[in-house]
Each structure stands twice: as structure tokens, then as C-alpha cells.
Peer 1: 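I'd like to ask some things about the structure below.
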Amino acid sequence: MSHATDEIRRRVETLRADLDDHNYRYYVLDDPRVTDSEYDRQFRELQQLEQDYPELASPDSPTQRVGSPVETSFETVTHRLPMLSLDNAFSDEEMRDFDRRVRERLGTDDDVEYVCEPKLDGLAVSLHYENGSLTLAATRGDGYSGEDITANIRTIRSVPLTLRGERVPAMVEVRGEVYMPKDGFEQLNRRLAEQGEKTFVNPRNAAAGSLRQKQSRVTARRPLEMCAYSLAVTDERLLPETQWDALQLAREWGFRINPEMRRATGVDACLEAYSDLMNKRADLPYEIDGIVFKVNRLDQQQALGFVSRAPRWAIAHKFPAQEEMTVIEDVEFQVGRTGAVTPVARLKPVFVGGVTVSNATLHNMDEIRRLDVHIGDTVFVRRAGDVIPQVVKVVPERRPDGAPSVTLPTTCPVCDSDVIQIEGEAVARCSGGLYCPAQRKEAIRHYASRKAMDIEGLGDKLIEVLVDQDLVQTVADLYRLDASTLARLDRMGPKSAANLVEAIDRSRTPALWRFLYALGIREVGEATAKGLASYFGSLDAIAEADDEALQAVPDVGPIVAGHVRSFFDQSHNRDTLAALAEAGVHWQPETIVRPEKQPLSGQTWVLTGTLSTLTRDEAKERLERLGAKVAGSVSKKTACVVAGEAAGSKLTKAEQLGVSVLAEDGLLSLFREHGVDE
Ligand code: IVH
């Protein structure tokens with residue numbers, strides 16, 4: 001193995017500094033300056049050099065963020081200065097008491113300046129830097145001693161491995177909060193649920209569980225962030241004069257500090273900051289459980305000192321809790337506007353997230369099985385922001401004897417039609433369609449909409465009234481409405497009633513595809529309706545087509561074919577169609593056109609990286625000739641990603657989502673196979 005030349009050493013240094021810079025801009029300043037692919041390219045170059053020249057390895061290298069598969073044990077660490085907790089204020093009154101005590105102790109009548117910091121809902125950590133390098137990271141533990149979690153902390157991108165800037169002291173301890181942003185939490189839980197693993201109740205538990213991993217490689221894959229909130233140095237003279245300036249300094253060193261932080265003079269300004277932040281709470285990308293007020297001047301903090309386990313110069317003003325325990329008294333099934341049969345937990349009313357909650361959705365049967373919900377269970381209910389209340393966890397120890405389990409009804413609780421569950425889909429549905437009152441309003445709204453039968457003047461409000469007053473049960477009843485009945489309704493004059501009757505009348509002779517689309521068969525959108533209409537030419541032919549015949553239509557796969565079949569198999573739907581025909585609705589005949597079914601129709605493909613034998617535009621055009629759509633970003637619905645040379649984040653995303661990936665030669669043989677190779 002060759003030795004690293006000076007040139008290579010310099011290149012490694014430059015790459016490390018550049019990558020650190022990109023990280024800093026991205027995670028601390030929220031202002032990235034390079035594309036993902038440029039970052040990836042530099043990252044891979046550094047990885048390669050470190051692999052070729054192991055003597056250049058360094059634990060502070062940005063490449064070390066990926067963690068290690070080796071299991072570590074968490075050694076006990078004694079804190080040099082104890083990690084204290086905060087007193088709480090639960091009301092404005094308690095806040096005023098706190099401020100009064102501060103001013104009394106400081107012997108001043110003047111307003112005191114406070115720093116108002118969001119109280120991040122995560123875990124406190126202490127980080128030690130010696131000569132600018134991260135040497136130790138510890139949890140709070142009991143406040144006096146915690147655990148050494150250095151290996152895991154190193155994987156968090158917003159924690160600097162080396163401090164930046166000029167004013168770096170020989171020794172410094174930085175304290176802050178490690179937390180998991182809301183979207184990362186949702187993604188992690190989705191991933192865990194998909195893998196059949198236990199999910200986390202809230203972002204805080206997810207952060208704690210992620211930091212407690214024995215393999216730092218696992219922590220590295222968890223979306224953790226850190227914000228600094230205090231500094232301690234051995235030589236106090238190195239510190240600025242205020243908490244505010246101390247945190248600005250931390251930012252210069254490379255720490256993220258909370259962007260919502262602000263200063264407030266006097267208690268009234270603090271209370272205003274409290275209500276401002278509370279209003280913002282739901283929109284913040286991370287969870288907070290209150291606001292921390294700290295006396296800004298460090299000399300005043302010193303003068304105030306500590307009492308038992310909390311500083312006299314700080315207080316936490318809490319927000320309403322977002323999680324409470326209650327009991328599931330029953331589980332009922334509701335039919336939504338699209339026929340989805342959804343289990344809903346009836347709860348013993350509980351005050352959570354600022355409101356009294358007595359219902360929570362359980363989503364579907366998979367969720368019930370995952371949570372193992374029984375009727376009578378004690379559960380954790382969570383309501384964050386305006387999000388619908390969720391049951392997040394059952395407390396199995398509190399399950400009463402003989403608590404009944406929850407079963408999916410076989411027939412619709414509203415219309416008694418069969419409840420069907422398509423394989424691979426979590427949602428169960430009422431097959432009643434137009435017949436089911438729960439679905440009727442939505443069905444009528446869709447039937448009348450512009451792209452469907454285009455009945456002007458038949459709006460949502462009116463549909464509500466018509467269905468509620470039993471004037472309309474199915475769409476066929478629309479054609480029996482007369483102007484005098486309509487004119488008697490609220491906010492309807494004789495003129496608008498007459499106009500509506502005329503509009504309904506005009507809809508009696510639609511194009512076949514419009515009529516088909518208007519029926520609201522699941523997954524039969526405008527394009528599919530057009531395809532079916534021109535392929536079969538009449539409604540009877542579609543109603544009689546079997547699965548195979550349906551799937552011969554471009555864009556129709558097994559799922560759509562299944563929906564079409566089950567629609568026409570329901571006798572209620574056939575009755576409605578007969579009633580429509582009787583009311584004089586007759587579609588215009590359609591010329592039959594039977595295009596060859598394209599091999600990739602209905603699929604979305606993504607191209608990434610550089611292809612060597614053809615341009616992206618050529619590849620795109622050929623894929624489109626095979627019926628595929630070509631999109632710019634990868635999602636779960638992507639059928640395939642074509643990865644050329646130096647493919648970047650799209651490839652990574654495809655791998656994360658389990659989307660199939662095809663290399664260039666695979667693409668070329670696909671083209672050859674279908675004769676689009678030139
Ligand atoms: S200051 C002596 N500032 O709240 C000062 N704590 O109840 C102690 N926390 O363990 C901490 N955000 O985990 C402080 N901006 C903030 C905070 C914060 C969250 C947490 C921290 C601490 C707990 C104290």
C-alpha cells in the first residue's frame with residue numbers, strides 16, 4: 001500500500017473542511033449552498049481516499065457520521081457540574097411570582113431582560129470539546145451522572161465534531177437538547193410499522209430510543225437533531241456577558257440554536273412571547289412542551305444562584321399536554337364519503353392538546369391489530385396541534401378480564417351492503433356505492449361535478465339538503481325533481497329552481513365516458529373512463545366484460561378491473577342504472593377504438609445519473625412510447641428508477657422506499673425487447 005503524499009493529505013483536509021462547511025450551512029444556518037449530488041460526490045471521494053490511505057483516518061471526519069456496527073456499552077460519566085432541572089410555572093400568575101422573586105433577589109425595580117427559548121421536547125445532553133474536538137457526550141441521567149453516548153452523538157449531523165471559528169477555548173462544555181423533528185418521526189414510525197416492528201409513541205420517545213442504540217450505525221439512520229442551549233467553560237472570563245451572546249457564540253462554533261429564541265424585557269413581554277409561541281406550536285417542525293425563560297445577564301444569573309435542584313434564574317412555562325391516558329369504551333365503524341369503513345374509538349372524555357376528546361380514529365384493522373386494541377383498554381391518546389386525536393399505545397397491564405377484541409363488520413353499518421377488503425389494501429370498504437346513504441352525498445356531488453355530468457347550480461349545500469330531506473336518494477332521483485318542490489327549499493327562488501331543472505335536463509344525454517366517470521367507480525378517473533368508453537363503445541359491454549377483457553384496455557390493471565367488476569356486480573348499482581335509463585338518461589354512442597395495450601402503461605419511471613449510450617431525453621421518449629410516464633422525483637408509487645453513472649439522492653431514495661432500480665444495460669434490453677431500440 002502506498003503512502004499518502006502531501007498533496008493527498010491536503011486534498012483530504014480540503015474535502016473534510018468543505019463537507020463540514022456544507023453540513024454547517026445545511027444543519028445550522030438552514031442555507032445550503034451545494035446540491036445533494038455535489039455533496040455526495042465529495043463525500044465519496046473522501047471515503048475512497050480514507051479507504052486507500054488508512055493512516056489518514058480520523059474520528060472527526062464527516063465520513064464517520066455513518067456510525068459503526070460494533071456494539072458499545074454505555075459507561076457511566078459523572079458530570080463536572082450537575083445537570084439541573086427547571087422549575088415549572090403552570091399559569092401567568094406563577095410566571096409573575098417568578099419574576100417578582102427574581103427582581104427582589106436582584107434588588108431592582110427595573111424590568112429584567114429574559115431570553116425566551118422554546119422548551120424542546122427531547123433529551124438533555126452534555127458535550128465536551130477539548131481543543132475544539134468532541135471528546136465526550138453524555139446523557140443527563142439523574143443529573144449527577146449520566147451515560148457516555150459519544151459514539152451515537154457523533155452520528156448527529158447538527159453536532160459539530162470539531163468547533164469552527166477563532167474564539168475556541170481549550171475546554172468547553174456545551175449543553176443542549178437532542179430531539180427528533182416531527183416529519184422524521186412520522187417517517188421512522190411508518191418504516192417501523194411496515195417492517196412489523198414496534199412504533200414509538202411520540203418524537204421524544206423516538207429520540208430517546210434512538211440515542212440508546214448499542215450500534216451507532218442504527219442511531220445514524222435516525223433523524224435526530226441537536227440544539228445548544230447553554231455553555232460552560234473552565235475559565236469564565238472566556239464567556240460573553242449574556243446568555244444570548246453565549247448562544248450566538250455557540251452558533252459560530254457550529255451549533256444549531258433555536259431560531260424561535262428571542263429576548264423579552266419584563267414579565268408582560270414574556271407572557272406575550274408565551275402566547276405567540278403557543279400559537280406557532282402546531283406549525284413548528286419539532287415538538288415543544290413549553291417555553292423556558294432565562295435571566296439574560298450571566299452576572300445576574302450568578303447572583304441568583306440555585307435552590308435545591310433548579311436555578312433561581314430560569315423557569316419553564318408549560319403548554320397544555322398533548323398526551324393523556326383514557327379508556328376505550330367502545331369501537332364503532334363509520335362509513336366515510338368514499339365508502340371507507342373506519343373504526344372509531346369512543347373514549348372516556350379526556351382533556352388533551354387543549355380540547356376535550358371523546359373520539360379517536362383507529363384508521364383500519366391493521367392498526368387495531370398493531371396496537372392490539374380491545375374494548376375496555378386503557379390507552380394513551382395524543383393530539384398534537386390540529387391533528388385528529390390518535391390512540392398511540394395500549395397499556396396491557398390495565399386490560400380488564402374478558403375485554404372483547406374488535407372485529408370488522410361483514411356488512412355496512414349504514415346500508416347493509418357487503419364490506420369488502422381488497423388484498424394488500426388496509427382499508428375496508430362498503431360495496432354499496434350509490435346505494436349507501438353515507439356515500440350518497442359524495443356520489444351525487446361527484447355525479448354533478450363539472451368534469452362529470454356538469455350540472456350547474458347543484459352545489460354541495462343543496463345536495464346536503466336534498467339528501468337530508470329525502471328528496472333525493474340516488475342520482476336517478478335528480479331527474480324527478482320539479483321546480484315547485486325546489487323553489488320551496490331554503491335560499492332557492494323560482495328562478496334558480498327553474499334553472500336547476502333545466503341544467504339537470506340538459507345532462508340527460510352525456511358522452512358515454514362522462515357518464516361512466518360520473519358513476520364514481522373507484523379509481524376510474526377521467527382518462528380511464530375515456531379508455532373504457534372508446535374500447536367497449538357501450539355501457540352494457542363494460543358491465544358484461546370480465547376481468548381479462550377489462551385489463552385489455554390501456555391503463556387498466558387488475559385493481560381497476562376489480563373495482564369495475566365489483567361495481568357492476570352490486571345489484572343496487574344495477575338498479576340505479578336502470579332507474580337512470582328510465583329517467584331518460586342515455587349516453588351518446590361511442591366509436592370503438594382499440595389501441596394496442598402498451599407494456600408500461602400506468603407506470604411512472606424516474607431517470608437519474610448519466611447514461612452512456614443515449615441522452616436522457618431519448619430514454620424518456622422511448623419510455624413514453626412504451627406507455628410510461630417519466631417523472632422527476634421518486635415516490636412510493638414510482639415503478640422503477642433507471643440509475644446511470646453517478647446517480648445520487650434519487651437512487652438512495654429508491655433504495656429506501658424499496659422501489660426497483662434498473663441499470664443502463666437493463667434499460668437497453670427492455671428497449672430491445674419491445675422494439676424501441678432506436
Ligand atoms: S435549560 C439549569 N433550556 O428541559 C438549566 N432546558 O426541565 C436546565 N430543555 O433537562 C436546562 N429546552 O432537557 C433548558 N432551552 C432549554 C431547554 C431545556 C428543553 C429541557 C432539558 C432539561 C429540561 C429541564
Peer 1: Minimum heavy-atom separation for Trp605 to Ala628, with atom names?
Peer 2: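 Of all heavy-atom pairs spanning Trp605 and Ala628, the closest is CD1-CB, 3.7 Å.
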
Peer 1: In Å and rounded to the nearest 0.5 Å, what is the CZ to CD distance from Arg281 to Glu287?
Peer 2: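 Output value for this atom pair is 7.0 Å.
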
Peer 1: Under a 4.0 Å N-O cut-off, is there an ion pair linking Arg256 with Asp30?
Peer 2: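 A salt bridge is present here (some side-chain N lies under 4.0 Å from a carboxylate O).
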
Peer 1: Thinking salt bridges, do Lys182 and Glu186 make one under a 4.0 Å N-O criterion?
Peer 2: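 Here Lys182 does not pair with Glu186 in a salt bridge, since their nearest N and O are not under 4.0 Å apart.
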
Peer 1: Check for a donor-acceptor pair, side chain of Ser158 on one end and backbone N or O of Met226 on the other, with a separation under 3.5 Å.
Peer 2: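 Indeed, once roles are kept as given, a pair shorter than 3.5 Å links the two residues.
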
Peer 1: Please test Gln42 against His22 for side-chain hydrogen bond (donor to acceptor under 3.5 Å, both in side chains), starting from the C-alpha separation and ending with a verdict.
Peer 2: CA-CA 10 Å; Gln42 293 185 354; His22 303 328; 3.0 Å; yes

Peer 1: If you count the non-hydrogen atoms of other residues, nucleotides and ligands that lie under 6.0 Å from NZ in Lys214, is the total more than 12?
Peer 2: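 Not buried by this count: 12 neighbours or fewer within 6.0 Å.
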
Peer 1: Where is the tightest heavy-atom contact between Ala533 and Leu516, given as atom of each residue plus distance?
Peer 2: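 Closest pair (atom of Ala533, atom of Leu516, distance): N-CD2, 4.3 Å.
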
Peer 1: Kindly give the heavy-atom pair with the smallest separation between Thr155 and Ser216, and that separation in Å.
Peer 2: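 Heavy-atom minimum between the residues: CG2-O, 3.6 Å.
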
Peer 1: Could you check whether any side-chain heavy atom of Phe536 comes within less than 4.5 Å of a side-chain heavy atom of Leu550, counting everything from C-beta outward?
Peer 2: yes

Peer 1: Return the minimal non-hydrogen interatomic distance between Val335 and Cys436, and the atom names on each side.
Peer 2: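 Looking at all heavy atoms of both residues, the closest pair is CG1-SG, 4.3 Å.
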
Peer 1: Does Thr342 use its side chain to pair, donor to acceptor, with the backbone of Leu362 at less than 3.5 Å?
Peer 2: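 No: the side chain of Thr342 does not pair with the backbone of Leu362.
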
Peer 1: Using 0.5 Å steps for rounding, measure from the CE atom of Met180 to the CD atom of Gln187.
Peer 2: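 So the CE of Met180 and the CD of Gln187 are separated by 10.5 Å.
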
Peer 1: Which residue pairs satisfy the salt bridge (charged side-chain N to carboxylate O under 4.0 Å, His left out) criterion with at least one member in residues 60-71, sequence neighbours excluded?
Peer 2: Asp60-Arg154

Peer 1: Using a 6.0 Å distance limit plus a 45 degree cone around the ring axis, check whether Arg164 lies over the aromatic ring of Tyr24.
Peer 2: yes

Peer 1: Compare all side-chain heavy atoms of Asp20 with those of Pro62 and state whether any distance is below 4.5 angstrom.
Peer 2: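 Yes. Closest side-chain heavy atoms under 4.5 Å.
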
Peer 1: Quick one: pull up CG in Leu539 and CG in Leu580 and give me the separation to the nearest 0.5 Å.
Peer 2: 10.0 Å

Peer 1: Short question: side chain of Ser61, backbone of Gln64 - any donor-acceptor pair under 3.5 Å?
Peer 2: no

Peer 1: Go through Gln570 and Ser431 one step at a time and tell me if the side-chain hydrogen bond (donor to acceptor under 3.5 Å, both in side chains) criterion holds.
Peer 2: CA-CA 7 Å; Gln570 294 288 322; Ser431 59; 3.1 Å; yes

Peer 1: Are the side chain of Asn152 and the backbone N or O of Leu211 linked by a donor-acceptor pair below 3.5 Å?
Peer 2: yes

Peer 1: May I ask you to check whether Thr613 and Glu664 show a side-chain donor-acceptor distance below 3.5 Å?
Peer 2: yes

Peer 1: Just wondering, do Gln439 and Arg429 contact through their side chains at under 4.5 Å, heavy atoms?
Peer 2: no

Peer 1: Between Glu367 and Arg370, is the closest basic N to carboxylate O distance under 4.0 Å?
Peer 2: yes

Peer 1: Using the side-chain contact (heavy atoms from CB on, under 4.5 Å) rule, take Leu19 and Tyr39 through it: C-alpha gap first, then chi angles, then the decisive distance, then the call.
Peer 2: CA-CA 7 Å; Leu19 286 162; Tyr39 183 91; 3.5 Å; yes

Peer 1: Could you tell me the separation between the CG atom of Leu667 and the CG atom of Leu611, rounded to the nearest 0.5 Å?
Peer 2: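 Here the rounded value is 7.0 Å.
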
Peer 1: Any side-chain heavy-atom pair from Val392 and Asn202 closer than 4.5 angstrom?
Peer 2: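 Of all side-chain heavy-atom pairs linking Asn202 with Val392, none is under 4.5 Å.
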
Peer 1: Atom CG in Asn573, atom OG in Ser417: separation rounded to 0.5 Å?
Peer 2: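 That separation rounds to 8.0 Å.
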
Peer 1: So how far is it from Ser210 OG to Asn205 CG, rounded to the nearest 0.5 Å?
Peer 2: 10.0 Å

Peer 1: Set out, in order, the CA-CA distance, both residues' side-chain angles and the distance that settles side-chain contact (heavy atoms from CB on, under 4.5 Å) for Leu626 and Val676, then state yes or no.
Peer 2: CA-CA 8 Å; Leu626 297 179; Val676 289; 3.9 Å; yes

Peer 1: Any donor and acceptor pair, going by atom type alone, linking the side chain of Glu38 with main-chain N or O of Thr35 inside 3.5 Å?
Peer 2: no

Peer 1: Other residues, nucleotides and ligands only: do more than 12 of their heavy atoms fall within 6.0 Å of CZ on Phe43?
Peer 2: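 Yes - once you tally the heavy atoms of other residues, nucleotides and ligands closer than 6.0 Å, there are more than 12.
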
Peer 1: Go through the steps to decide whether Arg10 and Glu7 satisfy the test salt bridge (charged side-chain N to carboxylate O under 4.0 Å, His left out), and finish with yes or no.
Peer 2: CA-CA 5 Å; Arg10 276 197 303 275; Glu7 195 189 336; 5.8 Å; no

Peer 1: Other residues, nucleotides and ligands only: do more than 12 of their heavy atoms fall within 6.0 Å of CD on Glu645?
Peer 2: no

Peer 1: Any non-hydrogen side-chain atom of Gln656 less than 4.5 Å from a side-chain atom of Val634?
Peer 2: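 No; the side chains remain at least 4.5 Å from each other.
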
Peer 1: Which heavy atom of Ala426 sits nearest a heavy atom of Asp366, and at what distance?
Peer 2: CB-OD2, 3.6 Å

Peer 1: Look at the aromatic rings of Phe515 and Tyr447 and report parallel, tilted or perpendicular, splitting at 30° and 60°.
Peer 2: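 Ring orientation, 0 to 90° scale: perpendicular.
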
Peer 1: Can you check whether Val585 reaches Pro510 side chain to side chain, under 4.5 Å on heavy atoms?
Peer 2: yes

Peer 1: With the threshold set at 4.0 Å, does a side-chain nitrogen-carboxylate oxygen contact exist between Glu425 and Arg522?
Peer 2: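 Answer for the salt bridge query: yes.
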
Peer 1: Could you walk me through whether Glu197 and Arg191 pass the side-chain contact (heavy atoms from CB on, under 4.5 Å) check?
Peer 2: CA-CA 9 Å; Glu197 284 180 51; Arg191 192 175 92 206; over 6 Å; no

Peer 1: Heavy-atom distance under 4.5 Å between the side chains of Thr509 and His586, does that happen here?
Peer 2: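 Result yes, sub-4.5 Å side-chain heavy-atom pair found.
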
Peer 1: Could you give me the CA-CA distance, side-chain angles and deciding distance for Glu624 and Lys620, then say whether salt bridge (charged side-chain N to carboxylate O under 4.0 Å, His left out) is met?
Peer 2: CA-CA 6 Å; Glu624 283 170 351; Lys620 178 167 188 267; 3.4 Å; yes

Peer 1: Less than 4.5 Å apart, any side-chain heavy atom of Phe671 and any of Leu623?
Peer 2: yes

Peer 1: Taking atom CG of Leu29 as the centre, report whether more than 12 heavy atoms of other residues, nucleotides or ligands fall under 6.0 Å from it.
Peer 2: yes

Peer 1: Thinking salt bridges, do Arg445 and Glu442 make one under a 4.0 Å N-O criterion?
Peer 2: yes

Peer 1: Go through the steps to decide whether Gln588 and Arg514 satisfy the test side-chain contact (heavy atoms from CB on, under 4.5 Å), and finish with yes or no.
Peer 2: CA-CA 10 Å; Gln588 293 154 13; Arg514 269 187 191 274; over 6 Å; no

Peer 1: Could you report the tightest heavy-atom contact between Pro160 and Leu134, atom names first, then the distance?
Peer 2: O-CB, 4.3 Å

Peer 1: Does the plane of the ring in Tyr517 sit parallel, tilted or perpendicular to the ring in Trp513? Use 30° and 60° as the thresholds.
Peer 2: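 Taking Trp513 first and then Tyr517, their aromatic rings sit tilted (interplane angle of 30° to 60°).
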
Peer 1: Salt bridge or not for Arg190 and Glu194, using N-O below 4.0 Å?
Peer 2: no

Peer 1: Return yes if some donor-acceptor pair links the side-chain N/O of Arg157 with the main-chain N/O of Pro223 below 3.5 Å, else return no.
Peer 2: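 Not at all, since once roles are kept as given, no pair shorter than 3.5 Å links the two residues.
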
Peer 1: If the threshold is 4.0 Å, N to carboxylate O, is there a salt bridge linking Lys280 and Asp283?
Peer 2: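 Judged by the 4.0 Å cut-off on N to carboxylate O distance, Lys280 and Asp283 do not form a salt bridge.
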
Peer 1: Any chance you could lay out the salt bridge (charged side-chain N to carboxylate O under 4.0 Å, His left out) test for Arg625 and Glu621, step after step, and finish with the verdict?
Peer 2: CA-CA 6 Å; Arg625 268 199 271 157; Glu621 187 263 335; 2.9 Å; yes

